[in-house]
Protein chains: 8
Amino acid sequence: MDILTLLKDLREGRTTVEAAHGRITAALREQPFEDLGFAKVDHHRTVRQGFPEVVLGLGKTPDQVAAISSHIVGRGNPLLVTRADEAAWEAVKAEVPAAEYHAIARCITVPGPIAPGKGTIVLCSAGTSDLPVAEEAGVTAELLGNTVDRIYDVGVAGIHRLLSQRDRLASARVVIVVAGMEGALPSVVAGMVGVPVIAVPTSIGYGASFGGVAALLGMLNSCANGVSVVNIDNGYGAGCIASMINHL
Amino acid sequence: MDILTLLKDLREGRTTVEAAHGRITAALREQPFEDLGFAKVDHHRTVRQGFPEVVLGLGKTPDQVAAISSHIVGRGNPLLVTRADEAAWEAVKAEVPAAEYHAIARCITVPGPIAPGKGTIVLCSAGTSDLPVAEEAGVTAELLGNTVDRIYDVGVAGIHRLLSQRDRLASARVVIVVAGMEGALPSVVAGMVGVPVIAVPTSIGYGASFGGVAALLGMLNSCANGVSVVNIDNGYGAGCIASMINHL
Amino acid sequence: MDILTLLKDLREGRTTVEAAHGRITAALREQPFEDLGFAKVDHHRTVRQGFPEVVLGLGKTPDQVAAISSHIVGRGNPLLVTRADEAAWEAVKAEVPAAEYHAIARCITVPGPIAPGKGTIVLCSAGTSDLPVAEEAGVTAELLGNTVDRIYDVGVAGIHRLLSQRDRLASARVVIVVAGMEGALPSVVAGMVGVPVIAVPTSIGYGASFGGVAALLGMLNSCANGVSVVNIDNGYGAGCIASMINHL
Amino acid sequence: MDILTLLKDLREGRTTVEAAHGRITAALREQPFEDLGFAKVDHHRTVRQGFPEVVLGLGKTPDQVAAISSHIVGRGNPLLVTRADEAAWEAVKAEVPAAEYHAIARCITVPGPIAPGKGTIVLCSAGTSDLPVAEEAGVTAELLGNTVDRIYDVGVAGIHRLLSQRDRLASARVVIVVAGMEGALPSVVAGMVGVPVIAVPTSIGYGASFGGVAALLGMLNSCANGVSVVNIDNGYGAGCIASMINHL
Amino acid sequence: MDILTLLKDLREGRTTVEAAHGRITAALREQPFEDLGFAKVDHHRTVRQGFPEVVLGLGKTPDQVAAISSHIVGRGNPLLVTRADEAAWEAVKAEVPAAEYHAIARCITVPGPIAPGKGTIVLCSAGTSDLPVAEEAGVTAELLGNTVDRIYDVGVAGIHRLLSQRDRLASARVVIVVAGMEGALPSVVAGMVGVPVIAVPTSIGYGASFGGVAALLGMLNSCANGVSVVNIDNGYGAGCIASMINHL
Amino acid sequence: MDILTLLKDLREGRTTVEAAHGRITAALREQPFEDLGFAKVDHHRTVRQGFPEVVLGLGKTPDQVAAISSHIVGRGNPLLVTRADEAAWEAVKAEVPAAEYHAIARCITVPGPIAPGKGTIVLCSAGTSDLPVAEEAGVTAELLGNTVDRIYDVGVAGIHRLLSQRDRLASARVVIVVAGMEGALPSVVAGMVGVPVIAVPTSIGYGASFGGVAALLGMLNSCANGVSVVNIDNGYGAGCIASMINHL
Amino acid sequence: MDILTLLKDLREGRTTVEAAHGRITAALREQPFEDLGFAKVDHHRTVRQGFPEVVLGLGKTPDQVAAISSHIVGRGNPLLVTRADEAAWEAVKAEVPAAEYHAIARCITVPGPIAPGKGTIVLCSAGTSDLPVAEEAGVTAELLGNTVDRIYDVGVAGIHRLLSQRDRLASARVVIVVAGMEGALPSVVAGMVGVPVIAVPTSIGYGASFGGVAALLGMLNSCANGVSVVNIDNGYGAGCIASMINHL
Amino acid sequence: MDILTLLKDLREGRTTVEAAHGRITAALREQPFEDLGFAKVDHHRTVRQGFPEVVLGLGKTPDQVAAISSHIVGRGNPLLVTRADEAAWEAVKAEVPAAEYHAIARCITVPGPIAPGKGTIVLCSAGTSDLPVAEEAGVTAELLGNTVDRIYDVGVAGIHRLLSQRDRLASARVVIVVAGMEGALPSVVAGMVGVPVIAVPTSIGYGASFGGVAALLGMLNSCANGVSVVNIDNGYGAGCIASMINHL
């Protein structure tokens, strides 16, 4: 709504006081979301932030996930559901035939038209056990229009495995590093590149890993430049931030 | 060193086996740093990562800070010392006449030729007490060639103060948000923009703020897209990452 | 028992020393509760505090829950059982035919005559996953005689969703805010209203949410006026306090 | 600003399009605060929430505290500075001659016209060492127009001391309970009254009190009805909430 | 073995050098336990400490529990197995026909001749949910020869329930207090009696009870005299200490 | 007050209704403590619990400590002030000439007539650095009428030092064990005796001792029978409990 | 690859510039591991560190464990899989017929030619429940070529059980001590021997053992010389380090 | 003492019953330490463990440190005092003229005849700020007879600095790695060598380093073989263990 045009219309009699009042009031009250009762689906996010509302499957019933998914796809938006277990996938599949399930990543997706990222996102992980989180990041970044280059199982205890990948690291516009246990990989990687590194601690480990706290603290205390951190196991968040950076 | 050229020289007699052996071996052993005994100063970092080695003043004696600073500036590199108290400043000032002290930010700087960032870094802080950390981020980003727009004292408890700055937020290529206590500001800001938000928890607060842990956890658990986090009070880290992104 | 009257009766021979002694002693020993062996049911609480003894289902067997419920209803008191799973509900249903089950809130209720609250309790929740805790608060407040206005899924990452509800917030006599993850919603809401805000952290989240600790700390450190906090997931407690305030 | 009137004026030529545009835009941008650079002072809070902006002295320089105080008093608002040490008091005293210092409570106040609370706020503390926090609550509540009845040193280890104050407790419209160490007092008090209890843990104690965490957890886990909790040592917050409730 | 007698026998030819050497060496090597390979059963403990070796069922297989139990009873010692689930009970029952199972306390016992305690152990618990831990303490104390007086469900939120039991409390030689949630009961009880109070925190509660940590901290910080604390849920330990004291 | 006698007096005219009413009411309101405003001194504790009110110096001003001390001694009660620094001692000395200062234990005492304990309290400490806490326990136990046998510097890393003291340990009626760092000493001692062991963790140590938490946890998890625990550095508490047990 | 020989060959025409370039480049890129996609198996570790790559079963699917195991054994290397549950064992058994399962230790092994250790590794455990972790250490050390002497169930609460094993302890070249609960055993053992002690905390215990944290802290704070610590339940790590030391 | 010889002497009349009794009893009671009242100095430790009793200066008064030092040196033993501040050094210097002070390491030493270690101990540290802890380890190892090769300031964020030291690392018989912040260095080093790595976390860092906890957790969770860990800042412990290993 262009307020200036509206006011001129009013001044020149092309609209009434009541109509102008209504339109201004409406603008102030406009709800750029759809209210499903248990959820308010934000259809304008694509416009506002360049990607669609994403559904966190954790803590929602399969029916809730399916209903929200259906509304998002119904508006022509791309879909990403994270932390989707088999039950959620069954429910969504029935409502959204175009949906696809990424079992390791535990994600449901429906692609949509999204502007491509400018460079490559390199995605490193420290160990085989970190795969689910790494894949959540990878699937997210790909859905959001990015090229992803995966370098897996390059933990710091065998540093030669990482050093042999120098060229691929050097080609990154942004790097995601996923690691559990001591969480040292982001520091080493960040010392080898000159681009932002998004570090994702995972809950992999036992004993004094405290469900990912050791890795999280290691990453927050990184002595390398360019490392910022997301929540434990938050592969989605890392993929999303990396995509934002890659679209700048 | 161009290995291919060297080998051709050898093949064609322009160099000897011994010389070639020496140069290859040297390349493998090359130390792109200067060893001061108590510290190894990394003079190649500007080449490798686009910005100079930065000196963390915390835990170093004034003499150590001054010696490292002197070596960095002596090579023609720009200088940034963080967590520099008055004593460190006195020591550096005597060795590096060109140095400047930013008292609130507790930083010592000597500018140098650095490529300018592409857009504006918006720097928000929640409260007056967060200033030292915010300024450390601001001074860092400016030294690294960026334009910084400061929006201070816009905590979420008076949300209208933040909402009145929508236009400035919208102009950001990347946003730094500094907040203590409950650390809620990054979530709200990230919901208003479509660019990466670097969140910096501060140790401001008392009681259950636990020296910044409450703010740190709040930021790690942000439900908004695009928020990544650095260590408590790590203004330098945030400024550095924001600059990296702004130079992409 | 009116001690003065009793003493006058004694003085004037209308009662005996032994009877007076017995009544005074009894008053000092009076047990305003009923002893079931494993539990002491407090039947006088309605008189003393304006609402009945509430049964926390957690950690009690279905039989214990049913037995206590039956005694409470048998005295004509209203009933509220919280944290009641299906097994508890089956056991209570068999003993108390008038009971009703609120599945999302996990509560069993039998209404009773309770004085109505003076105004409206507005009940906000940040996300769909917070519903069970929010509903526990809502069911509690309604059973205790209050009108409850629910505003759900208004998390701070899409602040416009909350701002669009300004009018409803403004109508509250007291507000309950339920939120997990970073727990920032109470601060924003408290900045928009001038009435007490009861904040309820939920255990929703993963990783560094630490089962609700992140939200709890965020709420305790709120920089807004008027925010007090109850235990993680304690919807009942919030509903009860809000009702107390609303009956003042 | 009455939008409807403005639009009618425009329609009938009593104002111009440009003037109307300006006034509407201004309304949307209106800043109900004064920007001091390092702080944005919120002068409308009295209108919006019924009490003035309060200055948290912690983490601010004496000059900053004095400057903010001067602006608040200059607008005719009452003043409350909390966590004000001697240095802050010296600086404020020089700028605001009407100010008064409460040494135990570490508060600076200038009274102003505030509506009186409806009943009495009873303020209990467990031990002599809790006095500074209790007094911060008391001074706050009194400045905000309330009558405060102090019951000090009634810790649960000598329960008869508390029981002897039944009558005063019974007269409360709202109760504040301040306690360190095990933080058990709010549970006992809440079991004796039928009104809201605001619990304030203090950092008093040693060893496993962990700076007030033991008391905080004790209060959050209270098995009594009506107890909500504020941050450790947050006497101001408790006084403010109690006043809000007492003005309902 | 009396060394002096032995040496005299040797001097006077009543024994040989070799025999004396053997007996002295044996005394130094004597193993007052029986080695089952996976466990060393300490049969002398009754002599040394006045009660038999107790079997902690937690972390042992049913077969291991049954084998150890069988060896203990085979020597004529009384038996106490704690944390015994149904499977352990089945295994022990088959090996030790005289054994008895206490389902709520999760204990297996075989009584034996033990000296009676001198007074009464009063056993208080705060809530119905604390029963398993309280009963573990009670069964332990009774097996060890003590009279136990149980006062259950006397939490501090209804202090009159506790006050009505003053006489029974006053009759105690030692008191055990079992409580979860805020763990305030031991402080109140200790203020009412003049004998030692053994406090047992339980893991009952949710949210910020942190599996009994809140109760544990509350008890450690008790401001009352005479309170000492055992591990969370350690009913056995409390019963054992109370019995030791009651036998002095 | 004998209620029965009073009532008979009333019945037979030896007292008036008003007088009887007054005396009964007074009995219900009787305050067995003296109110100093900032503190309620409990003069009846000697009667009720067998020892006087003890003053915790921590968190009180020297003047407050001196005033309370003076009132206690003025009633003829013995005095114990713990955590008394030099300033507190100066203040008390001026008011209470009979007072004595125990510098290592940081205690002020005035002895009084107290019944002697029945046996010996053995007081062990693990290291030289634990002396202040051990002495606080020792001074407390001696003031309360007990014989104390000190065995210092017998840490478990040189177990032969402890084993050489078997005879003295065997003579104990109750044992206090003070230890920092890993807190293993109480377990070893408790395995060597058959009497209650009161374990006192100290804040001695560094790094992962976390101010005594490591020792506290070690003691709470003791696998030995008879160990109960008090707060970190709570030598007073241990001395008090040991005395209670030794007077049974 | 011998660079000097290669260069001489080039100089003398026995190879081409391109071939030499290729071989040098390849040497820089050489990958001493085999890439399975989800894992990079390090076949050179035996050469580099004296023992083969070990597979941590935790967090890997049975198929992944079997595939990695098959590749390791296929190269003629010995195999050790830790944290292998029954499902992993079933999958490995099908692929690697020579494999053996150690049920208590939860390990799968295939022996191989490894140099024998020089002395004896003594392996102590505090309680029966610590067996799985102790056996993981024992199986690891034996596979790596060491003689292991097991001393089980010698917790510090019955110190005579440990003292009776002095001779076996004295024969150790290195000692592994496995303990849960208070974790005191390593301190006592280290005080009795003059060789390195590797301490392994276990997650055995309940309540304030916090999943092994109490034992971990106890071991880190050991006042005895020669104690170093590995992660909670990390029997493998202890066996591996002990073997390294025993092979020096 | 040879028991067999003694007994033969007795049998053959070369000694009396009383003399034999006395000598056997004395052997059982022998105290291989000297009791200073506040400390028991263990003079036999050199015999028993191959190195002398070490004095932890922390928590002892300068006089106590000097007295213990004097007794140790007086017996001809070498001396090591750790955590010795200037005051302790002044006191020791006055009593022990031969003593030497290592200011960075905060150690006091008097060398003595100790067998030399077999190989080289390589001592790595991550940053300049870790020097005090690294030097404590170095001084300890040197006093105990070892050759120490120091590689300082080789943090993982500039991995080329560490890689350039491959040869020196390869020459180690045991490695000590000292690191604060994220504590990643031990993992990388352990992956490069085949000998035991003793990891020492330091309290260097800020914010989420939590006084060394982040580094400690990182080291405990190391995914590399051969890493064991000592307490935060425990340079002495690491030097001592490394020496033990180096003397095997």
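The sequence lines fix the lettering, A, B, ..., with proteins before strands; numbering per chain opens at 1. Just so it is clear, the model here is predicted, and its values are computed rather than measured.
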For chain H and chain A, give me every donor-acceptor pair shorter than 3.5 Å, distances to one decimal.
from, atom 1, to, atom 2, distance (Å)
H/Glu182, OE2, A/Ser187, OG, 2.3
H/Glu182, OE2, A/Cys223, N, 3.2
H/Ser187, OG, A/Glu182, OE2, 2.2
H/Ala208, O, A/Asn221, ND2, 2.9
H/Ser209, N, A/Asn221, OD1, 3.2
H/Asn221, OD1, A/Ser209, N, 3.2
H/Asn221, ND2, A/Ala208, O, 2.9
H/Cys223, N, A/Glu182, OE2, 3.3

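More than 12 heavy-atom neighbours from other residues, nucleotides or ligands sit within 6.0 angstrom of CG on H/Leu58.
With H/Val156 as the partner, the side chain to side chain contact (heavy atoms under 4.5 Å, CB included) test is satisfied by one option alone out of A/Val188, A/Ile159, A/Val189, A/Leu185: A/Val188.
Ranking A/Ala224, A/Ala184, A/Ala208, A/Gly155 against chain H, the residue ahead of the rest is A/Ala208, based on heavy-atom pairs under 4.5 Å.
Using a 4.5 Å cut-off between heavy atoms, H/Leu216 makes no contact with chain A at all.
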